[in-house]
Amino acid sequence: MSIGLLFPRCLVDKRQPRIDYAPMHPLPRHDWSLDESLALFTQPFADLIFSAQSVHRAWHAPNTVQMSTLLSIKTGACPEDCAYCPQSVRFDTGVGVEALMPVAQVVERARAARAAGATRFCMGAAYRSPKRRDIEQIAQMVREVRALGLETCATLGMLEPSQAQELKRAGLDYYNHNLDTSEEFYGQIISTRSYQDRLDTLTAVRDAGLNVCCGGIVGMGESQRDRAQLLVTLANLPQHPESVPINQLVRVPGTPLAQGPEVDPFDFIRTIAVARVMIPKAQVRLSAGRAEMSDELQALAFLAGANSIFYGEKLLTTGNPDVARDRALLNRLGMQPESAAAVHGAA
Ligand code: SAM
Ligand code: DTB
Ligand code: SF4
């Protein structure tokens with residue numbers, strides 16, 4: 001192990017006052033065991049944060065945050081029974097039903113997101129899987145949003161290979177499809193589709209040449225072992241996801257998980273840190289749940305290796321910190337948003 005991994009250079013070499021950890025890290029691995037993942041989770045907190053921060057600095061600009069804005073392009077009345085979700089038709093959550101948005105309206109919202117400083121626009125739909133005519137309309141959204149110089153992301157449920165290919169041809173950059181939790185715990189949260197269905201969609205997305213955005217939710221009553229196993233599954237995919245959203249459950253009244261226990265904030269941060277260590281090149285996104293988090297907890301998440309957020313007042317149906325609060329937080333931390341120029345070379 002390099003001494004640089006253990007001590008900042010400023011402590012081992014007095015001639016170099018610059019704090020530079022310059023750790024030597026091996027290439028990303030795809031052979032993680034559950035025991036190794038659990039060993040990371042159970043390290044003393046400071047040791048885990050140090051490992052995560054070291055890995056983060058080896059692969060990423062340490063003070064840059066990628067910002068995605070979400071838009072629900074089709075809301076509510078979803079036939080699936082995901083126990084966390086306010087959009088399932090089975091739960092009375094007060095979420096209104098809205099048909100697929102017209103393209104022009106989506107483009108207007110994307111333009112506003114770009115003006116506010118987002119570099120990626122993520123279109124979410126409450127589908128089990130999209131129909132042919134939906135894909136045609138969404139492909140047009142993708143073409144027009146991408147023409148604005150934004151990266152495009154969509155999350156539409158399960159996809160057939162041909163649908164993934166059509167979205168790729170339209171210029172889609174990322175597809176979000178979360179495994180949410182371990183295969184073992186999954187059955188307690190969702191009964192209307194299998195873990196294998198999720199993995200099959202991830203394969204279709206990858207084979208179409210799309211970037212994969214895949215992560216999970218902390219706070220559904222899962223154990224540390226389930227969190228560790230989810231990260232093993234993600235890290236052992238043939239190719240790591242480019243983006244890993246770590247959501248804290250938003251406990252929406254009317255959903256079966258509304259009354260669940262609160263997550264220990266340190267356990268949430270541990271999940272981010274272990275994701276950073278095991279999937280080192282990915283953008284690890286501090287995702288849902290930020291509206292309930294203090295600035296200090298979010299700073300800890302960045303320290304643990306999160307380098308991406310959802311940006312804008314709304315997630316899909318629930319709230320998110322407003323733009324002014326996020327701007328102020330990044331400013332106070334001396335962090336900056338990923339620049340638009342870094343994305344497609346756009347203005
Ligand atoms: N219907 C599609 C699907 O499930 O793949 C796309 C939209 S769905 C809302 C996208 C993701 O949002 C889910 O996989 C889940 O991880 C996350 N999500 C939904 N409700 C949430 C909640 N209450 N708290 C945290 N994350 C949530
Ligand atoms: C993801 O991992 N989280 C986002 C996005 N991918 C689609 C969604 C969070 C949804 C939170 C509940 C809501 O606003 O409806
Ligand atoms: Fe439907 Fe997606 Fe919500 Fe599940 S998470 S109920 S599939 S919108």
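Note that the coordinates shown come from a computational prediction; the quantities given were computed from them, not determined experimentally. Only this structure's heavy atoms are used, side chains among them; waters, hydrogens and symmetry mates stay out.
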For the side chain of [X] and the backbone of [Y], is there at least one donor-acceptor N/O pair under 3.5 Å apart?
X	Y	answer
R143	A170	no
T152	D173	yes
S287	N247	no
Y311	A116	yes
D326	V323	no

Quick one: closest heavy-atom pair of [X] and [Y], and the distance?
X	Y	value
S308	Q283	CB-CB, 4.3 Å
L34	A228	CD1-CB, 3.8 Å
A110	L150	O-CD1, 3.5 Å

For the residue pair R114 and F121, would you count it as a cation-pi contact if the rule is NZ or CZ under 6.0 angstrom from the ring centre and within 45 degrees of the ring axis?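 Verdict for F121: no cation-pi partner in R114.
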Stacked cation flag R57 on W59, 6.0 angstrom / 45 deg: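 R57 over W59 ring: no.
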Chi angles and distances behind the side-chain hydrogen bond (donor to acceptor under 3.5 Å, both in side chains) call for T192, E80: CA-CA 6 Å; T192 48; E80 302 282 69; 3.0 Å; yes
Just wondering, are more than 12 heavy atoms of other shown residues or ligands nearer than 6.0 Å to CG in D31?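 Check passes, neighbour count above 12.
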If you draw a 6.0 Å radius around CD in Q43, do more than 12 non-hydrogen atoms from other residues or ligands fall strictly inside?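 It does: Q43 CD has more than 12 such atoms within range.
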Relative to the ring of H30, is the ring of H240 parallel (under 30°), tilted (30 to 60°) or perpendicular (over 60°)?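 Tilted: the ring planes of H240 and H30 meet at 30° to 60°.
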Are a donor atom and an acceptor atom from the side chains of [X] and [Y] found within less than 3.5 Å of each other?
X	Y	result
S72	T75	yes
T64	E338	no
N307	H60	yes

Would you mind listing every side-chain hydrogen bond (donor to acceptor under 3.5 Å, both in side chains) that reaches into residues 255-269, with sequence neighbours excluded?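 Checked against side-chain hydrogen bond (donor to acceptor under 3.5 Å, both in side chains) - neighbours excluded - the pairs reaching residues 255-269 are R251-E262.
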Hey, could you give me the NZ/CG distance between K74 and L316, rounded to the nearest 0.5 Å?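 Here the rounded value is 12.0 Å.
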How would you list, by chain and number, every residue that makes a side-chain contact (heavy atoms from CB on, under 4.5 Å) with C153, sequence neighbours excluded?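 Residues passing side-chain contact (heavy atoms from CB on, under 4.5 Å) with C153: R120, C122, Y174, N176.
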